Participant: 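I have a structure here, written as structure tokens, and I will follow up with some questions on it.
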Protein chains: 2
Amino acid sequence: MPRNRDAVRLRLQEAALDLYLERGYDKTTTGDIAAHAGVTERTFFRHFADKREVFFDGETELRDLLTDAVTAVPVGTRPLPTLRAAFHQVVPLIERNLPVTERRAPVIAATPALQERALAKSAALVATLTDALRARGVAEPLAALCAQVGMDTYSTAIRRWRADRTDDLHTHLDRAFTDLRLAANALK
Amino acid sequence: MPRNRDAVRLRLQEAALDLYLERGYDKTTTGDIAAHAGVTERTFFRHFADKREVFFDGETELRDLLTDAVTAVPVGTRPLPTLRAAFHQVVPLIERNLPVTERRAPVIAATPALQERALAKSAALVATLTDALRARGVAEPLAALCAQVGMDTYSTAIRRWRADRTDDLHTHLDRAFTDLRLAANALK
DNA sequence: CAGATTCGTGTCAGTGACTGACGAAAAGAA
DNA sequence: TTCTTTTCGTCAGTCACTGACACGAATCTG
């Protein structure tokens, strides 16, 4: 019964993913997950705030990398090009995480509770992107809009990339941002 | 003890809002809400799927109006102008609902669980907008992106309008869509 | 108007997510 | 070793949510 915090955390995450895949989210109790990880239910809740949170954990890494990438863009660059450049920077991380992401996908698709949490995580990312843009001098009302729209475009690129991997993520990213520009140009 | 389904539903919603405002969401039990509405906790869950759902109810009306507004736009109009026109159409509904919306706002701002649900509701709206665009011949990958971006722009307009009501919602709507166009134009 | 049907509700029992308090054991430092 | 901190197990408890059953009211039928 090791007392290694990180190891327990990892075992809980793996157990959760395995059980969610095997029986489904609803038919898996937090006690089941804990038992599979060799700990108690109480310990589960010491590591994760709730039954959904154990599913989302690499988010902080993406968040930090993304904010760093935003600040690394040359000053004076307009907000959306800034975000596009930042997204290009994190492509390696996304590609590396693809196997895990693909295992999670069917579980999320099958359980509304996890979809809600995924939306919340995305919204939190948008908030940090908004802050990063504001830190670069983008006015408040525009920063939030650009962060949102940028995230949507990024999500679209990821979705298309996972559906069609003949082109790489960089290509899909540029394509999605081009689609955005053309669509917005029709607004005049 | 009236047997009117709609009346009970309304009383539950009002009781929930009152109690959430008074004690906060976390310190309010579903039993409290039911008692204030003169029914049992079990009846509460016959009217609403969960404790969060009682808070969001006018969504179907907005959804229907919005899809109707989209189909009412002349065919051949590009997706984002279509959405902009549709949003202009539902302005009266939004203005009419403002008092209720403003009462709900502080509660949502204080409770993450309700923020998550609000995001889910918004995502559902985006999904119906995507369908509405597809029904008008917009290709799949573009439809989703435009629906998302359109919703963000709409949300931005609403947010600015609630913060500064010297201009009306129509003005804020046009302003937000202009911001979007200018921001996207910098992408080239 | 009497009877049958349907619908909304109350009651009860139960599961499972989540929390606080306390004690024990392991890990690290002195 | 001994002291301190961290991590875990145990226990008791609250609350969201569900299924099953029964009862009464509204509605439909003849």
Side-chain angles (χ1 to χ4, degrees), chain A residues 1-57 107-108 110-118 120-121, chain B residues 1-57 107-108 110-118 120-121:
Chain A
M1 212 85 72
R3 285 283 166 122
N4 190 331
R5 184 169 179 80
D6 295 336
V8 170
R9 201 182 162 82
L10 251 171
R11 287 211 310 275
L12 282 169
Q13 293 182 100
E14 289 169 359
L17 180 52
D18 288 345
L19 291 176
Y20 290 173
L21 278 169
E22 182 183 331
R23 322 177 186 171
Y25 175 87
D26 298 319
K27 293 193 177 299
T28 304
T29 72
T30 53
D32 292 338
I33 301 173
H36 260 70
V39 293
T40 314
E41 188 184 11
R42 191 64 185 87
T43 297
F44 175 93
F45 287 104
R46 287 201 180 92
H47 286 271
F48 301 100
D50 55 50
K51 193 184 170 187
R52 294 165 283 292
E53 201 65 18
V54 68
F55 210 75
F56 304 90
D57 206 51
V107 183
I108 296 183
T111 76
L114 292 179
Q115 296 172 24
E116 276 199 20
R117 182 55 55 85
K121 293 292 181 183
Chain B
M1 214 82 74
R3 285 288 168 113
N4 191 332
R5 184 170 178 79
D6 296 335
V8 170
R9 201 181 161 83
L10 251 172
R11 286 211 311 274
L12 282 170
Q13 294 183 97
E14 290 169 359
L17 181 51
D18 289 343
L19 292 176
Y20 290 173
L21 279 169
E22 183 183 329
R23 320 177 186 170
Y25 175 87
D26 298 319
K27 293 192 178 298
T28 304
T29 71
T30 54
D32 293 337
I33 301 173
H36 261 70
V39 293
T40 313
E41 188 184 10
R42 190 65 184 85
T43 295
F44 175 93
F45 287 104
R46 287 200 178 93
H47 285 271
F48 301 99
D50 55 52
K51 194 184 169 188
R52 294 165 285 291
E53 200 64 18
V54 68
F55 209 75
F56 304 90
D57 207 52
V107 183
I108 296 183
T111 75
L114 293 178
Q115 296 172 23
E116 276 200 21
R117 183 54 55 87
K121 293 291 182 184

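What you see is a predicted model, and the numbers here were worked out from it, not measured in a lab. Naming convention: chains lettered A, B, ... in sequence-line order (proteins, then strands); numbering from 1 in each chain.
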Participant: With a 4.0 Å cutoff (strictly under), does any side-chain N or O of His47(A) reach OP1 or OP2 of dT7(D)?
Facilitator: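 No, because none of the side-chain N or O atoms of His47(A) sits under 4.0 Å from OP1 or OP2 of dT7(D).
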
Participant: Let's test your reading of the model: under 3.5 Å, does the base of dG8(C) pair with the side chain of Arg9(B) as donor and acceptor?
Facilitator: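 Side chain to base: no pair present.
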
Participant: How is Thr29(B) classified with respect to the nucleic acid when contacts are heavy atoms under 4.0 Å: base, sugar-phosphate, or nothing?
Facilitator: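 Sugar-phosphate, backbone atoms only, no base.
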
Participant: Just the rounded figure in Å: distance from P of dT27(D) to CZ of Arg5(B).
Facilitator: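 One finds 14 Å between P of dT27(D) and CZ of Arg5(B), rounded.
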
Participant: How long is the line joining CD of Glu41(A) and P of dG20(C), in whole Å?
Facilitator: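 So the two atoms are 15 Å apart, to the nearest Å.
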
Participant: Distance check needed: dA17(C) P versus Tyr25(A) OH, whole Å only.
Facilitator: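 In whole Å, dA17(C) P and Tyr25(A) OH are 8 Å from each other.
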
Participant: Whole angstroms only, please: what is the CZ-C1' distance between Arg42(B) and dA13(C)?
Facilitator: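 Roughly 12 Å, once rounded to whole Å.
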
Participant: Between Lys121(A) and Glu53(A) (salt bridge meaning N to carboxylate O under 4.0 Å), is one present in this structure?
Facilitator: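 Counted as a salt bridge, because a side-chain N and a carboxylate O are separated by less than 4.0 Å.
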
Participant: According to a strict under-4.0 Å criterion, is Thr43(A) in side-chain N/O contact with OP1 or OP2 of dG9(D)?
Facilitator: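 The answer is yes; a side-chain N or O of Thr43(A) sits under 4.0 Å from OP1 or OP2.
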
Participant: Is there a donor N/O on one and an acceptor N/O on the other, under 3.5 Å, for the side chain of Arg46(B) and the base of dG10(C)?
Facilitator: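 For Arg46(B), whose side chain was compared with the base of dG10(C), there is a donor-acceptor pair (under 3.5 Å).
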
Participant: Taking NZ from Lys51(A) and C1' from dT15(C), how many angstroms apart are they, rounded to a whole number?
Facilitator: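 Those two atoms, NZ and C1', are 11 Å apart.
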
Participant: Heavy atoms under 4.0 Å, any strand shown: does Thr30(B) hit a base, just sugar-phosphate, or nothing?
Facilitator: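 Touches sugar-phosphate only.
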
